[in-house]
Amino acid sequence: MSKIKDNQIYIYNSLKGEKEKFVPVSKNHVGIYVCGPTVYSNVHLGNCRTFLSFDMVVRYFKFLGYKVRYVRNITDAGHLENDAEVGEDKIAKKARLEQLEPMEIVQRYTVDFHNVMNSFNALPPSIEPTATGHLIEQIEMIQESLAKGLAYESNGSVYFDVKKYMEEGGDYGALSGRDVDELMSGSRDLEGQEEKKNPTDFALWKKASPAHIMRWNSPWSVGFPGWHLECSVMGTKYLGKQFDIHGGGMDLKFPHHECEIAQGKAANNVDPVNYWMHGNMLTLNGKRMSKSTGNTLLPEELFSGKNTLLEKAFSTTVVRFFMLQAHYRSVLDFSSEALTASEKGFKKLMTAFDILEKVDYKPTSLNKEENVLIKDLCAACYAEMNDDFNTPKTIAKLFDMVAKINTYNEKQSFGQLEESTFKLLKETFCGMISDVFGLVADNSGSNDTLDKSIQLLIDMRANAKKERNFALSDEIRDKLIAIGVQLKDGKEGTTYSVE
RNA sequence: GGUCUCUUGGCCGAGUGGCUUAGGCACUGGUCUGCAAAACCAGUUACAGCGGUUCGAAUCCGCUAGAGACCUCCA
């Protein structure tokens with residue numbers, strides 16, 4: 001519990017445009033809502049970045065001892081498409097093309113999404129609600145807005161009245177820095193526009209066209225809920241009318257999150273969210289990954305290496321580490337070269353991790369300087385994380401620790417640290433890597449049999465060296481490296497690592 | 001067209017008024033080794049351009065150039 005007290009987190013609040021002291025609604029508890037995927041196709045790496053960013057955020061809160069309720073929705077209905085078949089549900093379109101039930105599509109890609117998230121070692125949310133599972137609540141929220149005069153019905157559809165909302169003290173545009181008057185004049189001509197009082201008004205309920213397969217009954221028409229409603233409904237239902245953190249990708253800031261604020265405020269007379277967090281985009285070839293433009297990379301292509309952009313296959317853990325090396329609010333460009341560099345650094349980090357996990361601590365005479373240095377490094381890790389989850393800076397500190405760990409290991413001098421300092425080092429270093437960053441060593445290739453086999457070869461090589469039979473000892477070393485096993489000669493004997 | 005953001009060394013990527021040598025990768029030298037690798041130590045390369053504010057600016061302001069995001073479904 002004291003860890004919470006010792007670590008005051010500052011969060012960059014998109015709503016205010018600055019870092020703010022994090023004070024939860026309920027002491028030692030965090031309620032966080034993250035906009036989940038629209039399940040009409042495979043999630044790509046760009047989608048993954050956002051979810052992994054917030055996975056790190058949730059993990060850090062938990063690491064400090066907060067009780068976290070993490071809600072991340074599945075959007076399985078309601079998003080409109082803006083090409084030839086305007087007004088049609090994305091999911092419905094795909095369903096017809098593939099001659100499948102809409103829910104079959106939803107099921108397939110939900111499963112895919114879960115598999116991908118698992119492979120990245122992302123923690124599952126506490127609640128993963130679906131839009132279709134909350135239609136009653138959505139209809140109720142529309143009714144509330146209508147009752148308050150902040151929404152109006154038009155031709156079977158219901159729209160949110162932004163102008164009225166502004167007149168009653170609303171601040172539509174505050175999150176995304178937009179001027180409502182400009183939006184009123186600058187909006188494009190979209191289908192259904194004539195039903196609206198003003199171009200900025202957005203749909204709460206849409207009457208379904210005959211081609212629209214996903215449809216439900218409502219007091220106004222057979223149709224489907226508006227694009228922004230589900231998050232408002234599910235966020236407040238599970239986290240309260242005013243909750244701590246709402247996260248999502250930068251691209252959702254406008255209009256999605258702007259509308260969410262308006263809906264929430266209209267329904268409950270309070271700002272629904274205290275801290276808005278927006279993760280930045282993962283780019284490919286300098287441009288944002290996007291389903292609609294096809295500029296994407298799928299996780300499975302990464303693991304198999306089957307993409308012209310990739311020189312080789314990469315593991316999920318390396319990709320995760322790569323992403324953590326950049327701050328979540330910065331654009332990150334994906335490239336094979338950058339990933340290769342990360343992979344090498346990651347291995348170095350994990351080697352030190354293994355050393356620390358296995359080392360036997362025996363106190364010797366105290367080295368005050370080193371003792372203080374380690375304590376400072378540990379404190380710095382927390383300080384960097386507390387500063388708007390600055391993972392790249394935290395990682396820089398971890399690498400400083402790597403140098404220390406390696407030196408201590410080589411000189412067998414962990415004992416020069418106080419026992420409490422050693423424990424702190426282990427807890428901080430290993431805790432940040434595995435608990436907060438969710439990084440796990442790739443031990444896929446190693447097991448007991450392998451370990452014994454390689455140990456046998458190490459012994460044989462040692463004997464060959466003793467007899468100065470370097471041809472044999474080098475052959476063992478070189479052939480092992482060709483297989484992917486690297487021998488490491490140290491003062492205390494030879495160890496190995498598996499590629 | 002409107003709104004906004006970014007431009008850091010060979011590459012990735014932090015930083016934000018005066019020592020951060022950020023860190024990683026790569027490279028160079030050294031220690032270790034039978035030779036290597038690994039590890040450690042040391043070192044090199046920088047703040048898009050121009051002008052301004054300031055005792056001092058990569059960091060603040062302005063202009064120019066380039067890139068990107070949002071304005072429409074999108075993490």
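All values below come from the heavy atoms of this structure, side chains included, with hydrogens, waters and symmetry mates left out. Nothing here was measured: the structure is a model prediction, and the numbers come from that model.
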B:C12 phosphate, OP1 or OP2, under 4.0 Å from A:S342 side-chain N/O: no

Sugar-phosphate, base or nothing in reach of A:G247, heavy atoms under 4.0 Å: nothing

A:K488 side chain near B:A39 phosphate (N/O to OP1/OP2, under 4.0 Å): no

Pair of N/O donor and acceptor under 3.5 Å linking B:C74 base with A:R288 side chain: yes

Spacing between A:D179 atom CG and B:C4 atom P, to the nearest angstrom: 10 Å

Touch class at under 4.0 angstrom, heavy-atom based, for A:L398 against every strand present: nothing

Closest nucleotide among B:A37, B:C41, B:A39 to the A:E410 side chain: B:A39

Working for side-chain contact (heavy atoms from CB on, under 4.5 Å), residues A:F254 and A:L175: CA-CA 8 Å; A:F254 187 90; A:L175 177 70; over 6 Å; no

Separation of atom CG in A:N280 from atom P in B:A69, rounded to whole Å: 10 Å

Spacing between A:K404 atom NZ and B:A39 atom C1', to the nearest angstrom: 14 Å

Geometric class of the A:H257/A:W276 ring pair [parallel <30°, tilted 30-60°, perpendicular >60°]: tilted

Residue matched to B:C70 through Watson-Crick or wobble contacts both under 3.5 angstrom: B:G2

Ring geometry between A:Y60 and A:Y382 (parallel below 30°, tilted from 30 to 60°, perpendicular above 60°): tilted

Inter-nucleotide P distance (B:U21, B:G30), Å rounded: 27 Å

Touch class at under 4.0 angstrom, heavy-atom based, for A:G279 against every strand present: nothing

For atom CD1 of A:I74 and atom P of B:A75, their distance in whole Å: 11 Å

Interatomic distance, A:N285 CG vs B:G68 P [rounded to whole Å]: 11 Å

Separation of B:C74 C1' from A:M281 CE (nearest whole Å): 9 Å

A:F399 and A:F321 aromatic ring geometry - parallel, tilted or perpendicular at 30°/60° bounds: perpendicular

First of A:G248 and A:T340 reached from the 5' end of RNA chain B, by closest nucleotide: A:T340

Whole-Å C1' distance, B:C47 and B:A14: 13 Å

A:N47 vs B:A75: side-chain N/O to OP1/OP2 distance below 4.0 Å: yes

Pair assignment for B:A46, Watson-Crick or G-U wobble, requiring both distances under 3.5 Å: none

Whether A:F61 and A:F389 hold their rings parallel, tilted or perpendicular, with breakpoints at 30° and 60°: perpendicular

Counterpart base for B:C35, defined by Watson-Crick or G-U wobble contacts under 3.5 Å: none

Touch class at under 4.0 angstrom, heavy-atom based, for A:Q486 against every strand present: sugar-phosphate

B:G9: pairing nucleotide in any strand, Watson-Crick or G-U under 3.5 angstrom: none

Atom-pair distance (CG on A:D201; P on B:C71), nearest Å: 18 Å

Selected nucleotide, minimal atom distance to A:L252 side chain, candidates B:A75, B:C25, B:G2: B:A75

Touch class at under 4.0 angstrom, heavy-atom based, for A:S290 against every strand present: base

A:F314 and A:F322 aromatic centres sub-6.0 Å: no

Watson-Crick or G-U wobble mate for B:A22, both contacts under 3.5 Å: none

Nucleotide forming a Watson-Crick or wobble pair with B:G29, both distances under 3.5 Å: B:C41

Euclidean distance for C1', B:G18 against B:G13 (whole angstrom): 24 Å

B:A57 versus B:G17 - spacing of their C1' atoms, nearest Å: 6 Å

Tabulate atom names and distances for all N/O pairs under 3.5 angstrom spanning the protein and nucleotides 32-34 of chain B.
| residue | atom | partner | partner atom | Å |
| --- | --- | --- | --- | --- |
| B:G34 | O6 | A:S473 | OG | 3.3 |
| B:G34 | O6 | A:D474 | OD1 | 3.4 |
| B:G34 | N1 | A:D474 | OD1 | 2.9 |
| B:G34 | N1 | A:D474 | OD2 | 3.4 |
| B:G34 | N2 | A:D474 | OD2 | 2.9 |

Side chains of A:C35 and A:H246 in contact at under 4.5 Å (non-hydrogen atoms): yes

Six-ring centre of A:F54, A:R72 cation under 6.0 angstrom, axis tolerance 45°: no

Rounded distance in Å - CG (A:D478) to P (B:C35): 15 Å

If you restrict it to nitrogen or oxygen atoms, what contacts under 3.5 Å exist between nucleotides 13-21 of chain B and the protein, and what is each distance?
| residue | atom | partner | partner atom | Å |
| --- | --- | --- | --- | --- |
| B:G13 | OP1 | A:D333 | N | 3.3 |
| B:G13 | O2' | A:Q325 | O | 3.3 |
| B:A14 | OP1 | A:H327 | N | 3.0 |
| B:A14 | OP1 | A:S330 | OG | 3.0 |

Residues A:D55 and A:R59 bridged, charged N to O under 4.0 Å: yes

Nearest listed nucleotide, side chain of A:K344, among B:G23, B:G68, B:C25: B:C25

Sugar-phosphate only, base, or nothing, as touched by A:A338 at under 4.0 Å among non-hydrogen atoms: sugar-phosphate

Whole-angstrom distance between B:C41 and B:C32, as gauged at atom C1': 11 Å

Gap in Å between the two P atoms, one belonging to B:A65 and one to B:G49, rounded: 16 Å

Salt-bridge present (A:E195, A:K207; N to O < 4.0 Å): no

Nearest-angstrom distance, C1' atom, B:G24 to B:C19: 22 Å

Whichever of A:M250 and A:A403 has its nearest RNA chain B nucleotide further upstream toward 5': A:A403

Complementary nucleotide for B:U59 - Watson-Crick or wobble, under 3.5 Å: none

Parallel, tilted or perpendicular: ring planes of A:Y172 versus A:F202, cut at 30 and 60 degrees: parallel

Heavy atoms of other groups near A:K253 NZ, more than 12 under 6.0 Å: yes

Touch class at under 4.0 angstrom, heavy-atom based, for A:K397 against every strand present: nothing

Beyond-backbone contact of A:F303 with A:S119, side-chain heavy atoms, under 4.5 angstrom: yes

Separation of the P atoms in B:U16 and B:C61, to the nearest angstrom: 14 Å

